[in-house]
Amino acid sequence: MKIKEALLATSVLAFFCTPLFAGQDEVASQYDLSGTGYGQDINTFAHKYIQGASPYFENRVFDQQPEELYPARNYTSQTNDTQRLLAALRRASQEDSDGGVVILRAAKNGGNNRYRLDRVDMPSNVRLEVDPDVTIEMIGNLKTSGSNQFLFSIGRSPNVNNLIRERIRNVEITSTHPTRRFTIDAKTNMPISYGVHGDKTKDTAINYTRAIPIGIYYAENFAISGIRIIDNHTEHVGISLYPDCDYKDGALADRNGTNGNPQDDVWLGRDGQPLPMDSEGNYVDDKGRIIPDEEAIIRNLTYGRTPVKGTIENIVLQNSHTGYGAVQIFGGDWIYINNIKAVKGVGVRIEAGNGSATDNINRAGPYLSSINNVEVHNVTVTKGFTGVWLKAHGKINRNITVSNVTAIDSGTAVITDKSRMNPHSRDFINGRFENLTIKGNIKLIRTNKNAGKAVAEVGNMLTYFMSPAERDNLTDRNGDGRITQADLPHNRSGRRWYLMQPTSPMVIASQRNANEIGDTSSDIKAEEAGYYPVDFSSAVVTSENPLRPELILFNEDSRNLNGGNSNRL
């Protein structure tokens, strides 16, 4: 498919889809979510947006007398401020129709400005303000799990077998100062651990320590701003937008006796009985008519319980895990993201699940937990992977705008990845982004242009776009007689993550080249499928990388580290 044809098709589709709750609204009509208790307000929310309400966060909490808390005078490693904060938030939530405000103050006369907190489940109708001199220390550590991996949780059910019935609404976490950030310490109690047992290193294992400073789930009308997160390459993003699901199979299937092979799953109908098939293995209805796989397979509706109507601004995350970063949307609609800075890792990831054969988010089908109506502006990544990474996997995602992304001594500024779903699992399709626009200044800055040292912490994907000069200088470090990723130095995130030099400002792997997109079919059986167009006609792309003159790299530019053509992408 040619570029102009594809962009015209997606722009026309976007015109008809933009006012709706894209993806989720289709699921609402297909599965009648209004009768399930899950996503019961989807159509109502879409109606409010059509009538002119702001699609992003609106402050609805007003409090003339906020409750102020102060840090403990005798702060120790045993201090726990969780319960007194929870009690204050509950009181604020119950004040009146305008909700209430709680402020975490710095010490009045100097001294301790640290709070120690376990998981804090935010109620509806509250704003938590934190003085910029305050540091919140996460209590979780390697000896704990579950709730101690979290700090602030918005709309996450405490029990996956008894999900909350109503969204958590009208929640804000912010600094008391308009420009200065308060600090979340996700490092002190989160030491790097390369494997739970044994004497493993970053060359043989990954950092298993997990910290989730802020998780947003079954929530509506939320705002997160004015925060600096000090990470320790922990295995999760700083701010995570995820479905509040039951974590069970995303597609209803009987896995008994399949030995974990998704291609052997027996799919169940609404009555719990196996779906009938014809002699050629196609699913059929009661009249023998063939039903497409993606329509025949019944989905787990809890994966549609995603956050909507939110704003995330003025966030800095330091020492991020390479494969994660500052912000990730696993699923959500109408999200505004602005002024995000990541030191290491990824600035903003727009990606549902991981695309593996057992990935339950993607097994929930192309619409549940899709990502729609999102704006991402002003992102900077330093010595990391990429500023913005878009991966469709098996989802149909719509109406995404990315502008002004800067990569400093990093792999690249923007990546759009081709969809590559497992071809043996019938519930998947190759997903795509529809109406994806990249505009504004997209630039790569290299502070020491003559240095040969690899400083960008990247994942496997970018190694296929390594500059020829750097590739030619690789040596067989592990002595197996060939040049592969095993010969690259690992960074602190572990064995799956590498150090290399910057590439180009944009890597558009979702297109074959500048003039041809490739096969945009959703058919997972088509070997060349999984491409989609990107509109970067309004982007001003610049680079200060002397090793690589190209401003934009495409799928056909990928190479194995031995210099041969890459079949991976």
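We count residues from 1, following the sequence as given.
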Calculate, to the nearest 0.5 Å, the distance between atoms CD1 and CZ belonging to Ile154 and Arg169 respectively. 14.0 Å
OH/Tyr324 to CZ/Arg210 distance, rounded to the nearest 0.5 angstrom? 5.5 Å
Treating Asn300 as the side-chain partner and Gly250 as the backbone partner, does any N or O pair qualify as donor plus acceptor under 3.5 Å? no
What heavy-atom pair brings Leu317 and Gly238 nearest, and what distance separates the two atoms? CD1-CA, 3.6 Å
How long is the gap from CG on Leu390 to OG1 on Thr416, to the nearest 0.5 Å? 7.0 Å
What's the verdict on side-chain contact (heavy atoms from CB on, under 4.5 Å) for Met122 and Phe222, showing C-alpha distance, side-chain angles and the deciding distance? CA-CA 11 Å; Met122 301 292 291; Phe222 56 89; over 6 Å; no
Between Asn170 and Val61 the two heavy atoms that sit nearest each other are O-CG2, 3.8 Å
Is there a side-chain contact (heavy atoms from CB on, under 4.5 Å) between Val381 and Val343 once you walk through the steps? CA-CA 6 Å; Val381 60; Val343 179; over 6 Å; no
For residues Ile371 and Ile335, determine if any side-chain heavy atom of one lies less than 4.5 Å from a side-chain heavy atom of the other. no
Taking the side chain as every heavy atom from C-beta outward, state whether Lys443 and Pro505 have any atom pair closer than 4.5 Å. no
CA sep, side-chain torsions, deciding dist, call: Met138, Ile184, side-chain contact (heavy atoms from CB on, under 4.5 Å): CA-CA 7 Å; Met138 294 181 67; Ile184 293 177; 4.2 Å; yes
Indicate yes or no for a side-chain donor-acceptor contact from Asp535 to the backbone of Ser537 under 3.5 Å, with no hydrogens or angles considered. yes
If I compare all heavy atoms of Met421 with all of Ile524, which pair ends up nearest, and what's the gap? CB-CG2, 4.2 Å
On the 0 to 90° scale, with breaks at 30° and 60°, tag the Tyr242-Tyr247 ring pair as parallel, tilted or perpendicular. parallel
Is a donor from one side chain sitting under 3.5 angstrom from an acceptor on the other, for Ser175 and Arg181? no
Taking atom types as modelled and ignoring hydrogens, do the side chains of Asp244 and Ser157 form a donor-acceptor contact shorter than 3.5 angstrom? yes
I'd like to check Gln511 versus Glu516 (side-chain heavy atoms, cut-off strictly below 4.5 Å). Are they in contact? no
Distance from Ile173 atom CD1 to Ile224 atom CD1, nearest 0.5 Å? 4.0 Å
Taking Thr412 for its side chain and Ser504 for its backbone only, find out whether a donor-acceptor pair lies under 3.5 Å. yes
Which heavy atom in Val534 sits nearest to a heavy atom in Ser510, and how many Å separate them? CG2-OG, 3.4 Å
When you compare the side chain of Phe330 with that of Ser240, does any pair of heavy atoms fall below 4.5 Å? yes
Would you call Arg305 and Tyr303 a side-chain contact if the rule is heavy atoms closer than 4.5 Å? no
Report the C-alpha separation of Ser521 and Asp523 in whole Å, then their side-chain angles, then the decisive distance to 0.1 Å, and conclude whether the side-chain hydrogen bond (donor to acceptor under 3.5 Å, both in side chains) test is met. CA-CA 5 Å; Ser521 168; Asp523 185 2; 5.0 Å; no
Is there a donor-acceptor contact under 3.5 Å linking the side chains of Thr401 and Thr437? no
Using only atom types and a distance under 3.5 Å, with no angle test, would you say the side chain of Tyr532 pairs donor to acceptor with the backbone of Asp417? yes
Evaluate the ring planes of His321 and Trp497, with Trp represented by its six-membered ring, and classify them as parallel (under 30°), tilted (30 to 60°) or perpendicular (over 60°). perpendicular
Find out whether Asp333 and Thr306 are in side-chain contact, i.e. whether some heavy atom of one side chain is under 4.5 Å from a heavy atom of the other. yes
Verify, without hydrogens or angle tests, whether Arg299 (side chain) and Gly304 (backbone) share a donor-acceptor contact under 3.5 angstrom. no
Would you say the side-chain atoms of Ser410 pair up with the backbone N or O of Ile408, donor to acceptor, closer than 3.5 Å? yes
Could you check if a side-chain atom of Ile350 sits within less than 4.5 angstrom of a side-chain atom of Phe433, using non-hydrogen atoms only? yes
Donor-acceptor check, side chain of Ser419 to backbone of Asn430, threshold 3.5 angstrom: yes or no? no
Could you check whether Tyr336 and Glu313, counting side-chain N and O atoms only, form a donor-acceptor pair closer than 3.5 Å? no
Considering all heavy atoms, the nearest Ala186-Asp231 contact: O-OD1, 4.1 Å
Heavy-atom side-chain proximity of Val541 to Asn441 below 4.5 angstrom: no
Would you call Lys309 and Glu220 a salt bridge, taking side-chain N to carboxylate O under 4.0 Å as the test? no
Are Arg156 and Asp121 close enough for a salt bridge, meaning some N to O gap below 4.0 Å? no
Side chain of Asn378, backbone of Asn338: donor and acceptor closer than 3.5 Å? no
Asn59 and Arg127: side chain donor to acceptor below 3.5 Å: yes
Would you sort out whether Glu528 and Arg512 count as a side-chain contact (heavy atoms from CB on, under 4.5 Å), showing the intermediate values? CA-CA 10 Å; Glu528 290 298 319; Arg512 186 182 300 281; 3.4 Å; yes
Just checking, any donor-acceptor pair under 3.5 angstrom between side chains of Asn399 and Asn435? yes
Measuring from atom CD1 of Ile400 to atom CG of Leu436, what distance do you get when rounded to the nearest 0.5 angstrom? 7.0 Å
Is there a donor-acceptor pair under 3.5 Å between the side chain of Asn319 and the backbone N or O of His233? no
Taking the six-membered ring for Trp and the single ring otherwise, decide whether the centroids of His177 and Phe182 are under 6.0 Å apart. no
Counting N and O atoms only, with roles assigned by atom type, does the side chain of Ser493 sit under 3.5 Å from a partner on the main chain of Thr322, one being a donor and the other an acceptor? yes
Inter-residue atom distance Trp334.CH2 - Asn373.CG, 0.5 Å rounding: 5.5 Å
Heavy-atom pair with the smallest gap, counting every atom of Asn314 and Thr179: ND2-O, 3.7 Å
Does a donor on one side chain sit under 3.5 Å from an acceptor on the other, for Asn162 and Asn159? no
For the pair Lys395 and Glu351, find out whether any cationic side-chain nitrogen is under 4.0 Å from an anionic carboxylate oxygen. no
